[in-house]
Amino acid sequence: MSTPQQVLLVALRTAIGWHFLYEGYVKLVTPGWGPDGLPLAAWSSAGYLRGATGPFAGVFHAIASSAWLGTIDVMVAVSLAAVGAGLMLGALTQLACAGGMVLLAMFYLSAIPLDGLPGPRLEGAYLIGNKNLIELAALAVVHAFRTGRIAGLDRWWASSRRGERQWQSRGATA
Amino acid sequence: MTITPEKAAEGRRNFLKILAGTPALAALGVTAAMKGPVRGGPVRVGVIGIGGQGRVLLSNVDPAFADVRAVCDINPANLKRADEILARNKVAPAPHYADWREMLQKEDIEAVIMAPPLWAHADLAVGCMEAGKHVLCEKMMAGDLAGCERMRDTARRTGRVLEIG
């Protein structure tokens, strides 16, 4: 792989990572205060889940009215932040990619755009494909190319394991 | 062990690749801290004047953003009503005070929500700001222009937030 290809793949991973990390961060710090001093209400997935559409809507509606909604909210926020940090730092990259893809798949399945019309909360019109699906595909690319080996803490872990193996093999032959 | 210049360069390159995401994380993290929301916790407030309008203000305090640490009124019946409102809002009961100065001295509060009679607005608001507290004062601002100007000047001088509404 050429250097520009490697750089672009890692840049893509970093950009997706930041998106995840900031989404998680905002969910974790609310209820809180905006930089203008205005209060920001606590985040909850309840509204999103209650508004779920498509073939899996029933499942998401049931989750919205379940007793563990609060726990799910915390889990989603922590997962987003953890996936984001992993992608940005290239730490446990494959696991972070897989986790991110699972989250995006759930977000996509909870609101598959099937009407193809512009909505009041949308800045465009979507039919089947939307931003969640595109980010999911991009994350699949990042996963397939094992970008942790190109740059990030995984590279360090891989090289230290390699060095350890070489040390052990030298010891065995001595 | 001999480290050749080629090996040293390779080591440096490897090191930079390992830490590739760190500068981006640091830069974007600082941006988020400056531009994004902050936790900060609820504002610790005391409420002065639990009459009709004071009770409306107390009822509308959102526990996510304001923690009522004390209530102050010269009428014990009003303080009892304040207890009922806090219980209805499912928040902890707050200590009672008849003297607002004593409340400011004893309680660790950042801001005061006040709805006393109009003639007392200026004196109380100025006193609270002088004590370093931010003030949300029920409208109207004060009984006369001199009182309004005194409140405005105190807010400017002390750097406290004075909100009327």
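Side chains included, hydrogens not; waters and symmetry mates left out as well; all remaining heavy atoms used. What you see is a predicted model; the values in this text were computed from it and never measured. Proteins come first, then strands; the chains are lettered A, B, ... in the order of their sequence lines, and each starts at number 1.
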Asker: Which distance, rounded to the nearest 0.5 Å, do you find between the CG of Leu28(B) and the CE of Met88(A)?
Answerer: 5.0 Å
Asker: Is it true that Tyr97(B) and Ile50(B) fall in one hydrophobic cluster, defined by side-chain heavy atoms closer than 4.5 Å?
Answerer: no
Asker: State plainly whether one hydrophobic cluster holds both Met75(A) and Leu69(A), where clusters connect Ile, Leu, Val, Met, Phe, Trp and Tyr through side-chain heavy atoms under 4.5 angstrom apart.
Answerer: no
Asker: If I measure from the heavy atoms of chain A, does Asn14(B) come under 4.5 Å with its side chain, its backbone, both, or neither?
Answerer: both
Asker: I need the minimum non-hydrogen distance between Trp156(A) and Ile18(B), along with the two atoms involved.
Answerer: CB-CD1, 3.4 Å
Asker: Measure across Ala32(B) and Tyr22(A) and return the closest heavy-atom pair with its distance rounded to 0.1 Å.
Answerer: CB-CE1, 3.6 Å
Asker: For atom CD of Glu102(B), decide whether the heavy atoms of other residues, nucleotides or ligands shown that lie under 6.0 angstrom number more than 12.
Answerer: yes
Asker: Does Met1(A) have more than 12 heavy atoms from other residues, nucleotides or ligands lying within 6.0 Å of its CE?
Answerer: yes
Asker: Answer yes if Val141(A) and Leu104(A) sit in the same cluster of Ile, Leu, Val, Met, Phe, Trp and Tyr residues linked by side chain heavy atoms under 4.5 Å apart, and no otherwise.
Answerer: no
Asker: Using a cut-off of under 4.5 Å for heavy-atom pairs, which of Ala20(B), Pro42(B), Gly41(B) has the most such pairs with chain A?
Answerer: Gly41(B)
Asker: For residues Val78(A) and Ile63(A): do they belong to one hydrophobic cluster (side chain heavy atoms under 4.5 Å, members Ile, Leu, Val, Met, Phe, Trp, Tyr)?
Answerer: no
Asker: Is it the backbone or the side chain of Leu21(A) that comes under 4.5 Å from a heavy atom of chain B, or both, or neither?
Answerer: side chain
Asker: Atom CH2 in Trp18(A), atom CG in Leu25(B): separation rounded to 0.5 Å?
Answerer: 7.0 Å
Asker: To the closest 0.5 Å, what do you measure between NZ (Lys17(B)) and CZ (Arg149(A))?
Answerer: 14.0 Å
Asker: Checking heavy atoms, do the side chain of Leu38(A), its backbone, both or neither come under 4.5 Å from chain B?
Answerer: neither
Asker: Can you tell if the side chain of Pro37(B) reaches within under 4.5 Å of the side chain of Trp33(A), non-hydrogen atoms only?
Answerer: no
Asker: Sub-3.5 Å donor-acceptor pair from the side chain of Tyr25(A) to the main-chain atoms of Gly29(B), do we have one?
Answerer: no
Asker: Find the one option among Leu87(A), Val10(A), Leu28(A) whose heavy-atom pairs under 4.5 Å with chain B are most numerous.
Answerer: Leu28(A)
Asker: Check whether any side-chain heavy atom of Val29(A) sits under 4.5 Å from a side-chain heavy atom of Val38(B), and report yes or no.
Answerer: no
Asker: Counting heavy-atom pairs under 4.5 Å to chain B, which of Pro35(A), Gly34(A), Ser159(A), Gly84(A) comes out on top?
Answerer: Pro35(A)
Asker: Starting at CG of Leu16(B), measure out to CZ of Arg155(A) and round the result to the nearest 0.5 Å.
Answerer: 10.5 Å
Asker: Do other residues, nucleotides or ligands put more than 12 heavy atoms under 6.0 Å from the CG atom of Leu114(A)?
Answerer: yes
Asker: Against chain A, label Val161(B) side chain, backbone, both or neither, depending on which of its atoms sit under 4.5 Å from a heavy atom there.
Answerer: neither
Asker: How close do Thr30(A) and Arg39(B) get, counting heavy atoms only, and between which atoms?
Answerer: O-NH2, 4.3 Å
Asker: Please check if Val68(B) and Leu57(B) belong to a single hydrophobic cluster, counting links between Ile, Leu, Val, Met, Phe, Trp and Tyr side chain heavy atoms closer than 4.5 Å.
Answerer: yes
